Structure formats: structure tokens, C-alpha cells
2 protein chains.
Amino acid sequence: MGSSSKSRTARSTAPQASAGRVLGRATRQRRALLAIIAREARPLSPYELHRLTHREIPSISQSTVYRNLRALEQAGEICAVSIPGQTSRYERAKVADRHRHHFHCRECDRVYDLKGCPGGLRRLLPRGFTLEEHTIVLSGKCEACVN
Amino acid sequence: MGSSSKSRTARSTAPQASAGRVLGRATRQRRALLAIIAREARPLSPYELHRLTHREIPSISQSTVYRNLRALEQAGEICAVSIPGQTSRYERAKVADRHRHHFHCRECDRVYDLKGCPGGLRRLLPRGFTLEEHTIVLSGKCEACVN
DNA sequence: TTACGTGCAAAGCGTTTGCAAGAGG
DNA sequence: CCTCTTGCAAACGCTTTGCACGTAA
């Protein structure tokens with residue numbers, strides 16, 4: 001894609017990872033959050049993450065979860081997964097950076113990573129438009145919910 | 001908050017006309033709203049819709065816009081377009097029922113209808129999963145914002 | 001020690017709802 | 001007329017923020 005950032009805000013920091021900012025202190029809360037996201041196979045919502053971290057650190061607040069999600073995202077450690085009509089879920093950046101798409105189960109409301117990507121999206125583009133990114137979300141029932 | 005709407009079954013209604021409920025009274029507000037949605041080429045947000053209807057009916061409230069959007073959607077007159085990380089936009093059902101995908105301009109934040117659909121999505125599906133629907137959102141810059 | 005991170009409470013923001021007044025059919 | 005719809009304000013759910021204290025480095 002673009003080799004130089006346009007006239008927008010220059011985010012010139014570490015060129016290697018995805019995002020710019022550097023992660024700050026490794027607090028107990030931040031470590032717990034990251035550990036849970038790392039061990040989980042599917043993207044988790046802030047609500048789920050607060051519930052899970054709360055088991056280890058009962059005093060953890062929702063704001064801490066939100067603040068850390070933002071910090072971790074900016075640091076390129078995690079990545080937000082947006083499902084239409086749903087609140088964002090978060091997963092490890094290593095997983096997300098492989099350019100994943102997602103499946104949303106309408107039964108259990110869980111989100112799963114998918115492999116692969118159908119090409120040929122550029123031909124959907126009207127003339128004069130530029131394509132920077134795309135999102136594909138399949139929905140239906142996951143294996144556990146098909147009966 | 002875990003769950004959203006689920007366990008719907010009667011999805012197999014008429015492919016084009018009303019989705020269920022019957023539309024009630026044709027109030028000034030409702031007519032204005034529908035007229036604006038009908039004449040506009042792209043899906044509009046509740047905010048935009050309130051702003052536009054407000055020009056014709058200065059007394060119109062936001063709640064009226066929201067209530068009518070819901071009523072019109074249930075009546076099958078309009079259709080919600082969900083863009084990840086964005087509030088829903090609304091467009092005429094006749095347009096939406098043609099199975100459209102959408103383009104979101106990151107510059108001006110507008111949403112456009114696209115034509116066509118890339119096939120081959122079913123091969124992204126894990127074994128045992130069933131596919132009921134899919135959403136594709138391209139993003140970048142629209143013609144007006146490429147500079 | 002000294003910023004950065006935390007918990008708490010309050011504020012924001014978009015959306016929904018209760019209620020009494022208003023208007024469509 | 002009777003009921004549906006409206007406008008207002010308050011409630012709501014999720015997310016962000018101000019503040020003083022706590023804690024990693």
C-alpha cells in the first residue's frame with residue numbers, strides 16, 4: 001500500500017510493528033489482561049475481559065480495562081475486531097496481523113477467526129475510489145450451536 | 001452484556017416486500033423521514049436524518065427519528081446498514097434487499113452502496129459451521145475525498 | 001523518587017422510554 | 001372519537017475522563 005503517510009498526523013515511531021506508541025509499565029492489571037487475551041482463541045469483549053480479569057484481580061475497574069485495551073492497541077499488542085452492530089472484541093495482534101476475517105455466531109454470540117480471504121474485492125470499488133482496507137464478517141451458527 | 005437478538009426463525013418471508021409489521025399512521029414527521037431516505041442515494045445516520053428532517057419540521061425530536069426508524073425498519077420500508085465501529089445508517093429497503101455491500105470513506109465518513117459480491121465466501125467457513133449471511137465493508141477514500 | 005497507572009465517581013454520548021399533549025383516520 | 005404518534009426529559013448502557021492515591025521502574 002502507501003509507502004508514505006499522507007498529510008494526516010504523522011505517527012512516526014517504531015516502523016516495524018503495526019502501531020506507534022510504546023507500551024508503558026507492566027502492571028499487574030495489564031499483565032493479567034494481556035495474558036487472558038493471549039491464551040484465548042477468540043476475540044473478547046471489554047465486558048468479558050473485565051469479568052475474566054476480575055477473577056484474578058477483584059479490585060480491577062472497568063476503566064482500567066478500557067484504558068489498557070486502548071494502550072495495548074496503540075502499542076500494537078492487541079487488535080480490535082469490529083462486528084457490525086456489536087461492541088468491539090479484542091485479540092492478539094499476532095493473530096490479527098495475519099489479515100483475518102471473522103465469523104459471528106448468532107446463537108451464542110461468539111466471534112471466531114477465519115482463515116483466508118476471497119480476492120477480487122477491488123472490482124466492487126466505484127471509479128475514483130481508493131481501497132485501503134476491507135472487513136468481511138460471516139454469520140450463522142458455529143459448530144457448537146448447529147443442532 | 002452478552003446477548004443481543006437471537007433465535008429468530010421466521011426469516012423466510014417474501015424476498016422483497018414488508019418484513020413483518022404494518023406501518024401505522026402517515027404523520028408529517030414519518031413522511032418527511034421516508035421522503036429523505038428515499039431521495040438520498042446513500043445510507044444516512046440518525047444524526048444526519050434528524051438534521052435533514054429538522055429543516056422541514058423544526059420541532060421534530062430525536063426520539064421521533066429513532067422511533068420512526070425502528071417502525072419503518074420493522075415495516076420493511078427501510079433497512080439498517082451496519083459499518084464496523086460506526087452507528088447504523090439507514091437506506092431504502094428496495095436498495096438494501098438487492099444484497100448490497102458498502103464502502104466507508106475514512107475522510108468524510110460517508111457510506112456508499114456498492115454493486116456486486118465476490119463469491120467464494122463459503123470456503124472461509126470452518127467445518128461444521130453454517131453460513132446464513134455475510135457483510136463486506138470496504139474502506140478508503142471516496143472519489144470526492146481523493147486529492 | 002517520580003511519572004505512569006489505578007480505582008472511583010461523574011460526565012459523555014448515542015439511543016430508548018415514560019408521560020401527557022397532540023393529531024391522524 | 002379513539003388510538004397512534006409526538007416532544008420533552010429522564011433513564012440507560014457503554015465508554016471516557018478528572019482526580020487523588022498507589023506503584024513500577
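Below, all heavy atoms of this structure are taken into account, side chains as well, without hydrogens, waters or symmetry copies. Each chain gets a letter, A, B and so on, in the order the sequences are listed, and its residues count up from 1. All values reported here derive from a predicted model rather than from experimental measurement.
Between A:Ile60 atom CD1 and D:dT23 atom P there is a gap of 14 Å when expressed in whole angstrom units. With rounding to whole Å, B:Arg51 atom CZ is found 13 Å from C:dG14 atom P. Between B:His54 atom NE2 and D:dC8 atom C1' the separation is 15 Å, expressed in whole Å. The separation between A:His50 atom NE2 and D:dT16 atom P is 15 Å, rounded to whole Å. When rounded to the nearest whole Å, the span between CG of A:Leu23 and P of D:dA24 equals 15 Å. Taking atom CG of residue B:Asn68 and atom P of nucleotide C:dT16, one finds them 13 Å apart after rounding to whole Å. Nucleotide C:dC8 holds its P atom 13 Å from the CD1 atom of A:Ile57, rounded to whole Å. Here D:dT16 presents its C1' atom at 15 Å from CD of A:Glu73, a figure rounded to the nearest Å.
Nearest nucleotide to the side chain of B:Arg30, out of D:dT17, D:dT5, C:dG7: D:dT5. Listed nucleotides: C:dA9, C:dG14, D:dA9. Nearest to the side chain of B:Ser63: D:dA9.
B:Glu40 pairs by the salt bridge (charged side-chain N to carboxylate O under 4.0 Å, His left out) definition with nothing, not counting sequence neighbours. With sequence neighbours excluded, no residue satisfies side-chain hydrogen bond (donor to acceptor under 3.5 Å, both in side chains) with A:Arg110. The ring-ring contact (aromatic ring centres under 6.0 Å, His included) search around B:Phe103 returns A:Phe129, not counting sequence neighbours. For B:Arg42, the salt bridge (charged side-chain N to carboxylate O under 4.0 Å, His left out) test picks out B:Glu48, with sequence neighbours left out.
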Fill in the blank from the handout: For nucleotides 19-25 of chain C, 5' to 3', base contacts (B), sugar-phosphate-only contacts (S) and non-contacts (-) with protein non-hydrogen atoms under 4.0 Å give ----BBS
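When only modelled atom types and interatomic distance are considered, B:His99 and B:His134 share a side-chain donor-acceptor pair under 3.5 Å.
Between B:Gln29 and D:dG7, a side-chain N or O to OP1/OP2 separation shorter than 4.0 Å is present. The side chain of A:Thr64 places an N or O atom within less than 4.0 Å of a non-bridging phosphate oxygen (OP1 or OP2) of C:dG7.
Cluster note: B:Leu49 groups with B:Leu23, B:Leu33, B:Leu34, B:Ile36, B:Ile37, B:Leu44, B:Leu52, B:Ile57, B:Ile60, B:Val65, B:Leu69, B:Leu72, B:Ile78, B:Tyr90 through ILVMFWY side-chain heavy atoms spaced under 4.5 Å, whether in direct contact or through intervening members.
Residues A:Ser59 and B:Ser88 each lie close to DNA chain C; by heavy-atom proximity, the contact nearer the 5' end of the strand is made by A:Ser59.
A salt bridge does not link A:Arg28 with A:Glu56: none of the charged nitrogens is closer than 4.0 Å to a carboxylate oxygen.
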